[in-house]
Amino acid sequence: MDFKDSPKAYDASAVETDIFRKWEESGAFNPDKLADLDERYKNAEPYCIVLPPPNRTGTLHVGHAKMLAIEDLLIRFYRMRGRKAYWIPGTDHAALATQVKVEQKLKDEGMADPRKELGREQFLEKVRDFAQKSRDTIVNQCKAMGSSMDWTREKYTLDAERNKAVNATFKMMYGDGLIERGFRVVNWDPVFKTTLSDDEVEHKEGQAEFVTFTYDKNFPIQISTTRPETKFGDTAVAVHPEDERYNKYVGQTIEAVFCGKPIKVKIIADESVDREFGTGALGVTPAHSLVDADLADKHGLPMVQVIGEDGKMTAEAGADFAGLTTVEARKKIVAMLEAQGCMVKKETIAQNLLVAQRGGNPVEQLPMRQWFVRVNKKFKLRQNTLGKWKRGEEATLKELMRYAVESKQTRVLPDNFEKIYFHWIDNLRDWCISRQIWFGHQIPVWYKGEEIQVGNESPGEGWERDPDTLDTWFSSSLWTFSTLGWPDNATVDADGNLAKTGELKEYHPTAVLETGYDILFFWVARMVLMSTYALGEVPFRDTYLHGLVRDDQGRKMSKSLGNVLDPLELIPKYGTDAVRLSLVMGTAPGMDQKLSEDKIKDFRNFTNKLWNISRYVLTQANLESRILNPEIRTLADGWIMARLDEVREKVAQLIENYQFSQAGELLRDFTWGDFADWYLEIAKIEKGKDAILNHILSSLLKLWHPYMPFVTEYVWGLMGNGKQLIVSAWPDVTSHVARPASQGEEFETLRTLITDIRRLRSENGVEAAALVKVALVSNEATKKLIQENLAVVKQLARLESIEFVAAVEQGWPTAMSGATTVGLNLASGVDVAKEKDKAEKEIAALKPYIAATEAKLQNADFTGKAPEKVVNDMKSKLDEAKAKLQALEKRLETLG
RNA sequence: GGACGUUUAGCUCAGUUGGUUAGAGCGUUCGAUUCACAUUCGAAAGGUCGCAGGUUCGAAUCCUGCAACGUCCACCA
């Protein structure tokens, strides 16, 4: 290709599809084919990331795009570093979310009750269709983002292999007594008619009528509630043990008639009751409040269910109320209490309403027979676990989850999320895993009367399968090992150690789990639970949590606000590389990020800059020289090579520490600020740098590849490099090229001098193109430096000549550059007042600095305690400042 | 109520073991433009690092308190 004819602006959409296809076809995404592409992948150390499987509920949003950008960055970085990189793709069936979506769609299309009208199989057919379409969209989106996952090994949380893992886990946990069927209070969504886990329920701020009353005329204690309709189910009134108002009643069981329904209420004492709140007496409703259910457990209270699964009052509420909705019942009760004279007062208070996270429907708490994972139950470990427990020893699931993080076998980044994780574990209740929806893994349990059998196959005649399905997080929580061939790839050896084979052995524990902090509990914690339980090891070494992507005003992106940025609309407009950069740069781990189109535009500009840098190098430097070792001939050569070494090292360190933004900024400064703005300009003056130019361009492409895979691979291909960039090695150490150590510093002196002369010109209105004469007062070392690089200084500062003098002539504008005084020979002369003002200002800034620095250096505490380097640096800074001050004062004198 | 964050230039944000006179991008102002790139180049202005104390030779950085904003958890029944 003739680069002179290449387009001035990088056209991402013209090249991206083709580049992606070549990567995919080459086998670079497939860890087992890497060795065919490059020798160094033979026996390479594996590096594995599982993709947090996106829900098959539609399309990916910009949050997913951020996740893909970060994970692809890591995978590409480690692949180039010679690791056998495996990124496992897959999607999540997202049981409830997907079913809700399809059900809603069918309702919108006019079906009154889709589940009833279609029946289980036909309904599921509709859901599967939708899920399949979502999957196709998601895969295309992932590819558009440049994700280098091994697409030949795509997984699905609801496919046969995952089902096998789910059933195996269920069976093991059932056998260990960790999964149990129980009649307990659960969160019930009356709209979608299913249970929900505690994490799927949210508290929404609202207002409620708070009524204070007695159950009947004779009842001696007043209680308060916002939900009088539940009071048919009260079996106790709890008071604080030290509350003198109620002491005398404690222990009694009082029979009362509440709105026509006889109830038996025991007066109990419990520390948890707040004496200051309401009347200080709490009506306990074990069947309809998780908190009350705990109290009931503690005090041995019976449970009376008065609200049914349809959200309506049951027969237990008495004939007058049975069949009413809770709201109807509430109104009727309030009226009845008032009529009976039992009502003490009615207030409006701020109260949080329980609502479903998905859908936002009010959630009822009801006692139901459901399946639970018991997190506080001691069980016998199946294998040696986390290096702490031996096979056969006892522990609880909570203990495993806690120890995995406490012992740093899984690192949580940023580490403040550790505290949040521990807090969640401490407050964790048993996990209700059965759902009354159809889309998901059916619970592998069979019933015959009261008999129960666990397994996938029917135990025989007369056995019926549980119609319920498992919480979607049950299958997601196995994701790190269900995708690697578990349970087939694991046995426990004679010593109690887990013996892994195949992919499980190679890749588990995975390297890092990268995801948004919003699913720390839902998913990350549950993966730790399952992996430590089933394998006795952590699921991943690092947990890296990224922040949420918000709009430019910091609001959550949502369809209703209309502030959603769709990655698939942005990619054709700005290019994938720009979109990726905008999601990785200017952010810190765990911090939310504001994203605007302007920001993406800025990074589009940068991809174009890199394109033009490449174009220039490729038109100027003889390509054949790219195989030669760069030869250092000038100061600038030594400087840029030293900078490259420094940057290469630092970037790798930063990426290893998940500091992508900082690494990227460093790279950008080097690419744009050092290489393009300085070195390339110098290369126009000092010719014959073909090998260095090619070397640095190649290095830049490699260093940028994890961030900007497309433009870098494209240019790499144009250079005629045989091997694809994606599998080429991270830049080699270049320090074999001899160079004096001082070159970096000396170059900085020159760079500062040139900038200072440019400023002087600008301040004095010298035309940009005009050549001027300067006089320099300088020490010998600097003088030598300038003389050796005369052409560069003259060209970059636009100078006609440089003269070294003892003193700058009166009447010339001057500036200080380090210890060097620069005088500009202007025909127009100098504006004396302006020059004086400038000098005075500089002096005014310098004097307090010198005073403060001198004081510091005279302080024995400082010189004694501070490291020598700090003291020496300060000394030389002081000397420089003093010389500058002296020159400025002299200057002021000559100005009169 | 509990916990965890955030507060640094007009805006968006870096600043990892405390160490030069605190940085970047965008925006603004001034100037340039046949020569890789106007998706560009040169230059400038702009900050008492939320407030108040403390530790230290030295604090944006560590400690204490306060304020504002945000998030999560709990739910007072």
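Order of the sequence lines sets the chain letters (A, B, ...), proteins ahead of strands, with each chain counted from 1. Just so it is clear, the model here is predicted, and its values are computed rather than measured.
For F521(A), taking side-chain heavy atoms from C-beta onward, the closest of the listed nucleotides C72(B), A36(B), C26(B) is C72(B). Nearest nucleotide to the side chain of N605(A), out of G5(B), U40(B), A36(B): U40(B). Closest to the side chain of H203(A), from the set U40(B), A74(B), A36(B), is A74(B). Of the candidate nucleotides A32(B), A36(B), G25(B), G25(B) has the atom lying nearest to any side-chain atom of R668(A). Of the listed nucleotides (U21(B), C4(B), C57(B)), U21(B) has the atom at the smallest distance from the side chain of K856(A). For D677(A), the side-chain atoms get nearest to G42(B) when compared with the rest of G42(B), C75(B), A36(B). With distances taken from any side-chain atom of K594(A) to the nucleotides A36(B), C57(B), C13(B), the minimum falls on C13(B). In this structure, the nucleotide among C57(B), U21(B), C37(B) sitting nearest to the side chain of R615(A) is C37(B). When distances are taken from the side chain of Y849(A) to each of U21(B), G5(B), C75(B), the shortest belongs to U21(B). Side chain of K8(A), nearest nucleotide from C37(B), G19(B), A36(B): C37(B).
Taking the six-membered ring where the residue is Trp, the centroids of W704(A) and Y707(A) are separated by under 6.0 Å.
Using atom P as the reference point in both C4(B) and U64(B), the two lie 11 Å apart (nearest Å). G27(B) and U40(B) are spaced 9 Å apart, taking the P atom of each and rounding to whole Å. The P atoms of C66(B) and U20(B) are separated by 32 Å, rounded to the nearest whole Å. Comparing the same atom, C1', in G46(B) and in U12(B) gives a spacing of 16 Å after rounding to whole Å. Comparing U56(B) with G18(B), their C1' atoms are spaced 9 Å from each other, to the whole Å. When the P atom is compared between U48(B) and C11(B), the two are found 13 Å apart, to the nearest whole Å. The P atoms of U8(B) and G15(B) are separated by 14 Å, rounded to the nearest whole Å. Of the C1' atoms belonging to C13(B) and C49(B), the separation is 13 Å, rounded to the nearest Å.
Contact annotation: T863(A) side-chain N/O to C57(B) OP1/OP2 distance is not under 4.0 Å. When the side-chain nitrogen and oxygen atoms of W672(A) are compared with OP1 and OP2 of C41(B), one or more of them lie within a distance under 4.0 Å. Dashed line: the shortest gap from a side-chain N or O of K609(A) to OP1 or OP2 of C41(B) is under 4.0 Å. The side chain of R758(A) places an N or O atom within less than 4.0 Å of a non-bridging phosphate oxygen (OP1 or OP2) of A43(B). Dashed line: the shortest gap from a side-chain N or O of R761(A) to OP1 or OP2 of G42(B) is not under 4.0 Å.
Residue contacts shown for D274(A) include a base, since a base heavy atom lies under 4.0 Å away. Among the protein residues, V284(A) comes within range of no part of the nucleic acid, since none of its heavy atoms lies under 4.0 Å from any strand. T755(A) comes within 4.0 angstrom of sugar-phosphate atoms only, judged by non-hydrogen atoms across all strands, and of no base. Contacts of E767(A) with the nucleic acid, taken as non-hydrogen atoms under 4.0 Å apart, are absent. P848(A) comes within 4.0 angstrom of no nucleic acid atom, judged by non-hydrogen atoms across all strands. M585(A) comes within 4.0 angstrom of nothing in the nucleic acid, heavy atoms only. Heavy atoms of G278(A) sit nowhere under 4.0 angstrom from any nucleic acid atom. As judged by a 4.0 angstrom heavy-atom cut-off over every strand, S661(A) is placed among residues making no nucleic acid contact. Using a 4.0 Å heavy-atom cutoff across all strands shown, K877(A) reaches at least one base atom of the nucleic acid. Note on A588(A): only backbone sugar-phosphate atoms sit closer than 4.0 angstrom, heavy atoms only; bases stay farther off.
The separation between E868(A) atom CD and G58(B) atom P is 21 Å, rounded to whole Å. If you take CD of E200(A) and C1' of C73(B), they are 17 Å apart, rounded to a whole angstrom. Remark: P of U20(B) and NZ of K875(A) are 17 Å apart, rounded to the nearest angstrom. What separates CZ of F606(A) from C1' of C26(B) is a distance of 16 Å, to the nearest Å. What separates CG of L581(A) from C1' of G25(B) is a distance of 13 Å, to the nearest Å. Rounded to an integer number of Å, the gap from OH of Y517(A) to P of U6(B) is 12 Å. For the pair Y421(A) OH and A3(B) C1', the computed distance is 17 Å after rounding to whole Å. Atom pair F660(A):CZ and A24(B):C1' shows a separation of 20 Å (rounding to whole Å applied).
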Start with the C-alpha distance between K594(A) and D552(A), add both sets of side-chain angles, then the distance that settles salt bridge (Lys or Arg N to Asp or Glu O under 4.0 Å), and finish with yes or no.
-> CA-CA 5 Å; K594(A) 290 177 194 171; D552(A) 54 357; over 6 Å; no
Could you walk me through whether D674(A) and R751(A) pass the salt bridge (Lys or Arg N to Asp or Glu O under 4.0 Å) check?
-> CA-CA 10 Å; D674(A) 291 335; R751(A) 172 141 86 163; 3.1 Å; yes
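Within the structure, salt bridge (Lys or Arg N to Asp or Glu O under 4.0 Å) contacts touching residues 278-289 of chain A (residues at least two apart or in different chains) do not occur.
E767(A) and R798(A) are not joined by a salt bridge, as no carboxylate oxygen comes within less than 4.0 angstrom of a charged side-chain nitrogen. Ionic pairing of D199(A) and R526(A) is present here: one or more N-O contacts between side-chain nitrogen and carboxylate oxygen are shorter than 4.0 angstrom.
Pair check for U34(B) finds none; no Watson-Crick or G-U wobble contact set falls under 3.5 Å. If you check G53(B) for Watson-Crick or wobble pairing at under 3.5 angstrom, you find it paired to C63(B). Nucleotide A68(B) has U6(B) as its partner under the Watson-Crick or G-U criteria, with both atom distances under 3.5 Å. Checking G1(B) for Watson-Crick or G-U wobble geometry (two distances, each under 3.5 Å) identifies C73(B) as its partner. Figure legend. U12(B) is base-paired to A24(B); pairs are counted as Watson-Crick or G-U wobble with both atom distances under 3.5 Å.
Around NZ of K847(A), the count of heavy atoms belonging to other residues, nucleotides or ligands within 6.0 Å does not exceed 12. Other residues, nucleotides and ligands contribute at most 12 non-hydrogen atoms within 6.0 Å of the NZ atom of K204(A).
In this model, no side-chain donor or acceptor of Q662(A) finds a partner on the base of A24(B) within 3.5 Å. Under 3.5 Å, the side chain of N352(A) and the base of C75(B) form at least one donor-acceptor pair of N or O atoms.
Because its NZ or CZ atom is not both nearer than 6.0 Å to the ring centre of Y849(A) and within 45° of the ring axis, K877(A) does not count as a cation-pi partner of that residue.
In this structure, F675(A) and F670(A) have parallel ring planes: the angle between them is below the 30° cut-off, well short of the 60° mark.
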